[in-house]
Amino acid sequence: MEITYDVTEEAYIDFNLYHAKNSKTLKKTMTMQRVWVPIIYLVMAVVLSFVLDIPILFMVIPFLIIGILWAIFYPKYFYHHIQKSSKKLLREGKNEGVLGTHTMIFTEAGLREVSATGEKLVSWAGIEHIGEDASNLYLYNSGLSAFIVPKGKLADVSEVRQFLLAKVKGRI
C-alpha cells in the first residue's frame, strides 16, 4: 500500500496537541500545576492575612476565586501554549523533513517514508504504538516523535487502521 500526502503545519500542531493530551507525563504535570497553584494561592492568602492583620475571609475569598478560575481555565491555557510553541519551533528551521510532501509505503516487513530530505525505513518492531485523532494517524517511532499520516489522504481509513493494528499488535 502506498500513500502520498502533505504534512502541513496544522497536522504537526495536531500531533503535538494529541501527544500532550495523551502523554502520561504531560497529563501528570498539567494536573499538578492545576491543583498546586490554587493551593499555593490559599496558603498565600492565609499568610498575608496574618502578616497584614486583615481578616482571613477578606484574603481567602479573592484568592479562592482566583484559584478556582485557575483550575478551570488552566488546561485551555496549557494546550494553547503548546500550540503557540509548536508554531514557533516550526519557524526556527527549514523543516523539509517534517513538513511537505511525503510518500508512505506499507509493506509486510515495515514502512518506508520518502520525503524531500531522504528516506526512512522502519520495521514494524520500530513502531512503538499507534495514535489517532479526528484528522490523523500517528505512528510513534519513539516516545516523542511519530510519522503523521493524514486520514483525508486514505482511501479506506478503517482498512489502514486494521492493517496497522495487525502489524503493531500488543503495542497500541
Side-chain angles (χ1 to χ4, degrees), residues 5-100 102 113 115 117 120 122 125-153 157 161 164-165 168-172:
Y5 56 90
D6 287 324
V7 175
T8 63
E9 181 178 301
E10 181 182 345
Y12 177 78
I13 292 167
D14 286 347
F15 167 69
N16 282 284
L17 289 171
Y18 173 85
H19 184 72
K21 290 177 182 177
N22 292 283
S23 164
K24 289 177 186 176
T25 302
L26 287 176
K27 286 194 300 191
K28 183 178 176 183
T29 298
M30 186 185 68
T31 301
M32 287 180 56
Q33 290 173 351
R34 190 176 184 189
V35 170
W36 281 104
V37 169
I39 290 170
I40 291 168
Y41 284 159
L42 289 176
V43 169
M44 284 176 35
V46 171
V47 169
L48 285 174
S49 71
F50 286 113
V51 170
L52 300 175
D53 197 29
I54 297 174
I56 197 164
L57 281 178
F58 287 127
M59 293 301 288
V60 169
I61 290 173
F63 279 80
L64 181 64
I65 291 169
I66 291 169
I68 290 169
L69 290 173
W70 175 272
I72 292 169
F73 293 108
Y74 182 70
K76 185 173 181 160
Y77 165 78
F78 183 80
Y79 295 125
H80 178 72
H81 178 69
I82 287 173
Q83 190 173 16
K84 274 181 59 176
S85 296
S86 298
K87 286 181 183 179
K88 284 182 182 179
L89 288 171
L90 282 174
R91 286 174 177 73
E92 283 185 4
K94 293 181 181 180
N95 300 310
E96 287 118 6
V98 177
L99 302 180
H102 294 254
E113 185 204 43
S115 68
T117 58
K120 293 179 189 172
V122 180
I127 301 298
E128 291 185 9
H129 67 278
I130 299 169
E132 179 178 6
D133 64 14
S135 305
N136 304 297
L137 292 170
Y138 305 110
L139 309 176
Y140 277 84
N141 58 341
S142 76
L144 293 173
S145 67
F147 297 103
I148 301 169
V149 181
K151 289 181 178 179
K153 292 295 180 174
V157 176
R161 184 185 303 114
L164 292 172
L165 291 174
V168 188
K169 59 185 169 255
R171 293 175 279 136
I172 300 166

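Keep in mind that the numbers below use all heavy atoms, side chains included, and drop hydrogens, waters and symmetry copies. Keep in mind that what you see is a predicted model, and the values were worked out from it rather than measured.
Distance check, rounded to the nearest 0.5 Å: CG of Asn16 to CD of Gln83 gives 10.0 Å. Distance NZ/Lys120 to NE2/His102: 8.0 Å, rounded to 0.5 Å. For the atom pair Ser86 OG and Lys84 NZ, the distance stands at 12.0 Å (nearest 0.5 Å). Between the OH atom of Tyr18 and the CD1 atom of Ile148 there is a distance of 12.0 Å, given to the nearest 0.5 Å. Atom CD1 in Ile13 sits 5.0 Å away from atom NZ in Lys87 (nearest 0.5 Å). To the nearest 0.5 Å, atoms CD1 (Ile82) and CG (Leu26) are separated by 6.0 Å.
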Evaluate Leu48 against Ile54 for side-chain contact (heavy atoms from CB on, under 4.5 Å), listing each step before the verdict. CA-CA 8 Å; Leu48 285 174; Ile54 297 174; over 6 Å; no

Test side-chain contact (heavy atoms from CB on, under 4.5 Å) on Asn136 and Phe15 and set out the steps. CA-CA 8 Å; Asn136 304 297; Phe15 167 69; over 6 Å; no

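Remark: side-chain polar atoms of Ser49 are paired, donor with acceptor, to backbone N or O of Val46 under 3.5 angstrom.
More than 12 heavy-atom neighbours from other residues, nucleotides or ligands sit within 6.0 angstrom of CD on Glu9.
Between Tyr138 and Asp133, some side-chain heavy-atom pair lies under the 4.5 Å cut-off.
Considering His129, Glu128, His19 as possible partners of Tyr140, the one that fulfils the side-chain hydrogen bond (donor to acceptor under 3.5 Å, both in side chains) test is His19.
When every heavy atom of Leu99 is checked against every heavy atom of Thr8, the shortest pair comes out as CD2-O, 3.5 Å.
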Which side-chain N or O atoms in residues 59-80 pair as donor and acceptor under 3.5 Å with protein atoms at least two apart or in another chain?
| residue | atom | partner | partner atom | Å |
| --- | --- | --- | --- | --- |
| Trp70 | NE1 | Gln33 | O | 3.1 |
| Tyr74 | OH | Gln33 | OE1 | 2.1 |

